[in-house]
2 protein chains.
Amino acid sequence: MIDKLDAIDIKILKELQHNSKLTTKELAEAVHLSASPTFERQKRLEREGYIKKYVAVVDPDMVGNGMIVLCNIRLKQHGKEYAQEFVDAMKGMEEVTECYNTSGDFDFIIKVYVRDMHHYQDFVLNRLGEMKSIGSVHSVFVIGTVKDTHSVPVAQ
Amino acid sequence: MIDKLDAIDIKILKELQHNSKLTTKELAEAVHLSASPTFERQKRLEREGYIKKYVAVVDPDMVGNGMIVLCNIRLKQHGKEYAQEFVDAMKGMEEVTECYNTSGDFDFIIKVYVRDMHHYQDFVLNRLGEMKSIGSVHSVFVIGTVKDTHSVPVAQ
DNA sequence: AGTGAAACAAATTCTCT
DNA sequence: AGAGAATTTGTTTCACT
């Protein structure tokens, strides 16, 4: 947990969330330590699960999926089967990158990346529309991305 | 753009979005090519902006910020000054990891990572509450994360 | 826990096809 | 464009503090 981390561990997490291609030497300089303890700390953070994985961040516009829709979904009923059908379907759809069970008027909110409005229409009609678990869909369109850090805050 | 990518480029993007720690040799095996052309393709994808950066994915629970709130915000007025104050403030807040300008009843939706409800209360009252640009705030709490890939779909 | 050197592996470049 | 060898650079381990 967080209280097992000292200031240097926190700095390492912040640096690597920003740029995981830093060499051990560069990271060591950033945290004012030599390479081997820095390396050992990074491995410990991986081993203990603070760092889940390392990924490349791909530009959605460049790969032709620059349109983002936040889609609020209400299930038809709140039985286990309906929820399971929905959850399994979301996990299998590539264009759905995030899916949260939420409080409020809707049951779920999903983030969908598509090429354009035509593809979104196809997604809603032919993919969501085919599911018996879904009661209603309310689409919120992203007009512009103001901020999208790929970092989680790390408490000090 | 996407039409400049062949099937191998797309495979490389998919693999690296899943795990950027693959060695050139491992990536080469995955795409059935030898190391040097694979390496050259990866560099090209970086150079041309398909890959924006490489990051470590940190577990929010492990670092004590496991609570997610999706916060819908309406500005008081739609003048440029108000929007600018809001946007600049969002960029400066670590707990706000995403901020989108949206269609619909609200102007923006932000994703906030906090420790617990007390911290969220503090965030709304003392951080958002201090801003003259904000008209109203509607909080949607994340009960559970069903899916959170750190990947964008790459069209085939 | 940290340092610095040594051993090892991977990234990067180059030449040839 | 891609393959394979050669070189450079980074990772990982180890002996010492």
Side-chain angles (χ1 to χ4, degrees), chain A residues 1-59 61-64 149-152 154-156, chain B residues 1-59 61-64 150-156:
Chain A
M1 294 289 114
I2 184 71
D3 39 82
K4 287 184 67 184
L5 303 179
D6 66 14
I8 294 174
D9 294 322
I10 289 172
K11 188 85 196 294
I12 290 173
L13 290 176
K14 286 186 177 181
E15 293 285 341
L16 292 176
Q17 280 197 113
H18 184 70
N19 175 18
S20 64
K21 276 280 147 84
L22 286 173
T23 64
T24 307
K25 207 177 132 213
E26 288 167 331
L27 187 58
E29 276 164 30
V31 302
H32 307 294
L33 225 59
S34 63
S36 33
T38 305
F39 175 78
E40 191 36 62
R41 279 167 181 266
Q42 182 175 347
K43 289 297 138 185
R44 186 188 134 240
L45 293 169
E46 293 168 7
R47 201 173 345 106
E48 297 184 351
Y50 293 93
I51 296 171
K52 291 200 288 186
K53 56 180 177 173
Y54 295 91
V55 301
V57 177
V58 169
D59 187 320
D61 289 310
M62 289 293 287
V63 295
T149 69
H150 300 266
S151 309
V152 144
V154 183
Q156 31 264 352
Chain B
M1 292 290 112
I2 185 71
D3 39 82
K4 288 185 66 183
L5 303 179
D6 67 13
I8 295 175
D9 294 321
I10 289 172
K11 187 85 197 293
I12 290 173
L13 289 176
K14 286 186 178 182
E15 293 285 341
L16 293 175
Q17 278 197 113
H18 184 69
N19 176 17
S20 64
K21 276 280 147 82
L22 287 173
T23 64
T24 307
K25 205 176 135 216
E26 288 167 331
L27 187 58
E29 275 165 30
V31 302
H32 306 295
L33 227 58
S34 63
S36 35
T38 305
F39 175 78
E40 191 37 61
R41 279 168 181 265
Q42 183 175 347
K43 289 296 137 184
R44 185 188 134 241
L45 293 169
E46 294 167 7
R47 202 174 344 106
E48 298 183 352
Y50 294 93
I51 296 172
K52 292 201 288 186
K53 55 180 176 173
Y54 296 91
V55 302
V57 177
V58 170
D59 187 321
D61 289 311
M62 288 293 286
V63 296
H150 300 265
S151 310
V152 144
V154 183
Q156 31 264 351

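Computed over heavy atoms, backbone and side chain alike; hydrogens, waters and symmetry mates excluded. Just so we're on the same page: letters track the sequence lines, and every chain starts at 1. Since the model is a prediction, treat every value here as computed from it, not as a measurement.
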Nearest whole Å is fine: how far is [N] [atom2] from [X] [atom1]?
| X | N | atom1 | atom2 | value |
| --- | --- | --- | --- | --- |
| I8(A) | dG2(C) | CD1 | P | 6 Å |
| K25(B) | dT11(D) | NZ | P | 18 Å |
| K21(B) | dA10(C) | NZ | P | 13 Å |
| Q42(B) | dT13(C) | CD | P | 13 Å |
| L22(B) | dA10(C) | CG | P | 12 Å |
| R44(A) | dG2(C) | CZ | C1' | 15 Å |
| L16(B) | dA11(C) | CG | C1' | 14 Å |

Fill in the blank from the handout: Which of dA1(D), dT3(C), dG10(D) is nearest the side chain of R41(B)? It is dA1(D)
Handout entry: Proximal nucleotide (of dA3(D), dT11(D), dA11(C)) relative to the T23(B) side chain
Key = dA11(C)
Handout entry: Over 12 foreign heavy atoms within 6.0 Å of NZ, K52(B)
Key = yes
Practice task
Answer yes or no: are there more than 12 heavy-atom neighbours, outside H150(A) itself, under 6.0 Å from its atom NE2?
Solution key: yes
Practice task
Taking the side chain as every heavy atom from C-beta outward, state whether V55(B) and K53(A) have any atom pair closer than 4.5 Å.
Solution key: no
Practice task
Could you run through nucleotides 12-17 of chain D and give me one letter per nucleotide, 5' to 3': B if any protein heavy atom sits under 4.0 Å from the base, S if only the sugar-phosphate is that close, - if neither?
Solution key: SB----
Practice task
Given salt bridge (Lys or Arg N to Asp or Glu O under 4.0 Å), test K43(B) with E48(B) step by step and report yes or no.
Solution key: CA-CA 9 Å; K43(B) 289 296 137 184; E48(B) 298 183 352; over 6 Å; no
Problem - Working for side-chain contact (heavy atoms from CB on, under 4.5 Å), residues I51(B) and V57(A) - result: CA-CA 6 Å; I51(B) 296 172; V57(A) 177; over 6 Å; no
Handout entry: Touch class at under 4.0 angstrom, heavy-atom based, for S34(B) against every strand present
Key = base
Handout entry: Spacing of Y50(A) atom OH and L5(A) atom CG [to the nearest 0.5 Å]
Key = 4.5 Å
